[in-house]
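Input: a single structure, listed below in structure tokens.
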Amino acid sequence: MAKPEESLPQRVAAGARRLNRNPKLVDLARRRRRRSLGEEAAGPPSALDSHPADHAVHQLAVIRGDQPGFLGELGMTALQAWQRLAESQARGRGDADVVILFTDLVGFSSWALEAGDQAAVRLLREVTDTIEPPIVERRGQVVKRLGDGLMAAFANGPDAFEAALAINRGVAEINVAGYQPELRTGIHLGRPRKLGRDYFGVDVNIAARLVDAARPGEILGSQAVVDTLPSVGVEAQRRRFSAKGAPKDLGVYSLVSS
């Protein structure tokens, strides 16, 4: 039986679908989006989402599913540009409290140059396997991996501090080629702007400055984080702190379990 001839509208629709699914066009649109906006592919909505633009991006990501198209990438670009505009209007501030945690391996680069690639990769794998479970178990979100460190987000200070303690204990037990890694950790509570899976703004910068200032094995937390921690079981010792881009009156504390 002969297949009925398609009508002109059907042929136009079929051609549009093929164009939309053209791998080269999809890849081109995605690379342009990431290059211009610096964004990783948006994932499913999380408990930390708060801004309408964030929800719009996530809904489009859900609609795209596992079959992204050229038009979908263009739509994602427009929505993320909208997010960037919202961020600039809010001066880098969001409308929900988020605790940002940064970790950094002390002296990793120097050690890796001597130990070689194989040992360095093994160490990073073991550190990642040690760090990420305590974050997820305490309802945190791994925002991004930063080579020998990572950035995570939590809904509250106690969960972030407990994760930091567990992370430091776990990393202290790792030994690769005679090297025992030590972590620096910085924690700050603020209202950063969310873009896709990432966070931006002054509060993220403060958390990054804290991890830079932390000593090996130390957890540095801002006053905003300390104010949310229980009075029993946590010892907070005031630390002198000064960093470009951070408020001059920022209270910073070295945090340990007591």
Side-chain angles (χ1 to χ4, degrees), residues 34 36-43 45-55 57-58 79-105 131-132 134-136 138-161 163-164 167 183-214 218-229 239 241-253 255:
R34 290 176 175 174
S36 62
L37 295 175
E39 186 268 342
E40 296 181 4
S46 76
L48 296 172
D49 296 337
S50 58
H51 197 278
D54 300 323
H55 290 297
V57 169
H58 286 306
L79 282 174
Q80 288 166 354
W82 173 29
Q83 284 187 307
R84 280 289 173 88
L85 176 61
E87 178 187 345
S88 64
Q89 291 174 338
R91 299 184 181 275
R93 300 282 185 175
D95 52 12
D97 287 344
V98 178
V99 179
I100 299 296
L101 177 149
F102 276 99
T103 68
D104 176 59
L105 275 176
I131 286 180
E132 296 193 6
I135 293 173
V136 175
R138 290 160 180 82
R139 298 170 292 178
Q141 169 194 350
V142 176
V143 177
K144 54 188 173 184
R145 298 165 186 84
L146 304 166
D148 57 347
L150 62 71
M151 172 183 171
F154 295 82
N156 61 73
D159 282 343
F161 177 60
I167 285 169
L183 280 183
R184 288 189 288 253
T185 308
I187 313 174
H188 175 62
L189 184 152
R191 294 196 164 190
R193 282 287 303 119
K194 193 168 193 295
L195 177 59
R197 292 182 177 180
D198 211 343
Y199 289 89
F200 300 89
V202 63
D203 291 309
V204 175
N205 294 336
I206 290 173
R209 297 293 182 267
L210 289 176
V211 75
D212 289 342
E218 185 177 38
I219 301 171
L220 279 189
S222 66
Q223 181 72 63
V225 170
V226 173
D227 289 343
T228 70
L229 300 179
R239 278 261 268 114
F241 176 81
S242 177
K244 183 178 180 181
K248 293 183 178 180
D249 59 349
L250 181 70
V252 174
Y253 297 81
L255 304 176

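Any value given below was found using the heavy atoms of this structure, including those in side chains, with hydrogens, waters and symmetry copies removed.
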Nearest heavy atoms of [X] and [Y], plus distance in Å:
X	Y	answer
Leu101	Ala160	CD1-O, 3.7 Å
Ala163	Pro134	CB-O, 3.9 Å
Val143	Arg197	CG1-O, 3.3 Å
Thr228	Gly157	OG1-CA, 3.4 Å

Quick one: are Ile206 and Pro247 in side-chain contact, heavy atoms under 4.5 Å?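 Ile206 reaches Pro247 side chain to side chain.
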As an exercise, state the distance from [atom1] of [X] to [atom2] of [Y], rounded to the nearest 0.5 Å.
X	Y	atom1	atom2	result
Asp198	Arg193	CG	CZ	11.5 Å
Gln141	Tyr199	CD	OH	5.0 Å
Tyr253	Leu220	OH	CG	12.0 Å
Ile135	Asp159	CD1	CG	11.5 Å

Less than 4.0 Å between a side-chain N and a carboxylate O, is that true for Arg191 and Asp203?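 Arg191 and Asp203: not salt-bridged.
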Could you pull out all residues at least two apart from Ser222 that satisfy side chain to side chain donor-acceptor pair (under 3.5 Å)?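 Result, side chain to side chain donor-acceptor pair (under 3.5 Å) vs Ser222: His188.
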Please enumerate all residues that pass side chain to side chain donor-acceptor pair (under 3.5 Å) together with Arg138, with sequence neighbours excluded.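 Not a single residue meets the side chain to side chain donor-acceptor pair (under 3.5 Å) criterion with Arg138.
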Given side-chain contact (heavy atoms from CB on, under 4.5 Å), test Leu189 with Asp97 step by step and report yes or no. CA-CA 7 Å; Leu189 184 152; Asp97 287 344; 4.1 Å; yes
Side chain to side chain contact (heavy atoms under 4.5 Å, CB included), paired with Ile219, selected from Leu210, Leu183, Thr185: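 Output: one option passes, namely Thr185.
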Pick from Val226, Val225, Ile100, Leu229: which one makes a side chain to side chain contact (heavy atoms under 4.5 Å, CB included) with Ile187?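 By the side chain to side chain contact (heavy atoms under 4.5 Å, CB included) criterion, Ile187 pairs with just one of Val226, Val225, Ile100, Leu229: Val225.
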Partners meeting side-chain contact (heavy atoms from CB on, under 4.5 Å) with Ala208 (sequence neighbours left out):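 Testing Ala208 for side-chain contact (heavy atoms from CB on, under 4.5 Å), a comparison that skips the adjacent residues, returns Phe102.
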With sequence neighbours excluded, residues passing side-chain contact (heavy atoms from CB on, under 4.5 Å) with Asp104: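 If we apply the side-chain contact (heavy atoms from CB on, under 4.5 Å) test to Asp104, skipping adjacent residues, the hits are Asp148, Arg184, Val211.
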So, Thr103 side chain and Leu150 main chain: donor-acceptor pair closer than 3.5 Å or not?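 Checked: pair present.
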Would the distance check show the side chain of Lys144 and the main-chain N or O of Leu146 forming a donor-acceptor pair, the cut-off being under 3.5 Å?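 Flag not set: sc Lys144 to bb Leu146 has no pair under 3.5 Å.
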Please enumerate all residues that pass salt bridge (Lys or Arg N to Asp or Glu O under 4.0 Å) together with Glu132, with sequence neighbours excluded.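 Glu132 satisfies salt bridge (Lys or Arg N to Asp or Glu O under 4.0 Å) with Arg145 once adjacent residues are dropped.
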Going by salt bridge (Lys or Arg N to Asp or Glu O under 4.0 Å), name the pairs with one or both residues in residues 205-214, residues two or more places apart or in two chains.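 Every candidate salt bridge (Lys or Arg N to Asp or Glu O under 4.0 Å) pair involving residues 205-214 fails, so no pair, neighbours aside, qualifies.
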